[in-house]
Amino acid sequence: QRFLIFPRSAISPLPVQRGKMIEVDVSSEARPAGVPEVLVGCWFPPVTPEAWTLAFWHGNADQLGAVGDAVGASLSQHHGLGFFAIEYPGYALMKGEPSERAIVWTA
């Protein structure tokens, strides 16, 4: 049942290649079980200061280095938008263990 709720991709973790991979140290924060000490994200800055930035969370069983990197690059290149995406605990580029509490806290 746990695998049905939190499936992980059978593909090896894909690196963030077009955006900037960021790491946020949350080791001093009170966090639920499963959330690692370092969160991983993907960042594309907006082309102009007036442009919006989209916060993005990928779908179930996907990974940041695949869809996040591709969507961020497209939105940046074609629309000038900023793009910020966070990986889920236990998926691809981020250590930890997925659970509802861990994912909600990370978001």
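Within the structure, salt bridge (Lys or Arg N to Asp or Glu O under 4.0 Å) pairs that include any residue of residues 76-95 do not occur (at least two apart or interchain). The stretch residues 33-54 participates, sequence neighbours left out, in no ring pair (Phe, Tyr, Trp, His ring centres under 6.0 Å) pair at all. Applying the salt bridge (Lys or Arg N to Asp or Glu O under 4.0 Å) test to pairs two or more places apart or on separate chains, none has a residue in residues 26-41.
Closest heavy-atom contact between M94 and L39: SD-CA, 3.4 Å. Of all heavy-atom pairs between G90 and P98, the closest is CA-CD, 3.9 Å. Closest heavy-atom contact between S99 and A33: OG-O, 4.2 Å. Contact detail for L14 and A66: the closest heavy-atom pair is CD1-CB, 3.6 Å.
Residues L75 and L54 have side chains in contact (heavy-atom distance under 4.5 Å, counting atoms from C-beta outward). Residues H58 and Y88 meet the side-chain proximity criterion, which asks for heavy atoms closer than 4.5 Å. Residues V26 and V38 fail the side-chain proximity criterion, which asks for heavy atoms closer than 4.5 Å. Inter-residue side-chain proximity for T106 and I86 is flagged as met; some heavy-atom pair is nearer than 4.5 Å. A heavy-atom distance below 4.5 Å is found between the side chains of P89 and P36.
Placement of I22 and L81 in two distinct hydrophobic clusters is found when ILVMFWY residues are connected by side-chain heavy-atom separations under 4.5 Å, directly or transitively. Under the 4.5 Å side-chain contact rule for hydrophobic residues, V47 and F83 do not share a cluster.
For the side-chain hydrogen bond (donor to acceptor under 3.5 Å, both in side chains) test, no residue two or more places apart in sequence or in another chain qualifies with S28. Take P15 and apply the side-chain contact (heavy atoms from CB on, under 4.5 Å) test, not counting sequence neighbours, and it matches Q17. With sequence neighbours excluded, the residues that form a salt bridge (charged side-chain N to carboxylate O under 4.0 Å, His left out) with R18 are D69.
In this structure, CD in E23 is found 9.5 Å from CG in D25, a value given to the nearest 0.5 Å. Here CE of M21 is found 9.5 Å from SG of C42. Values are rounded to the nearest 0.5 Å.
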Check against ring-ring contact (aromatic ring centres under 6.0 Å, His included), F84 and F56: CA-CA 6 Å; F84 180 69; F56 178 83; over 10 Å; no
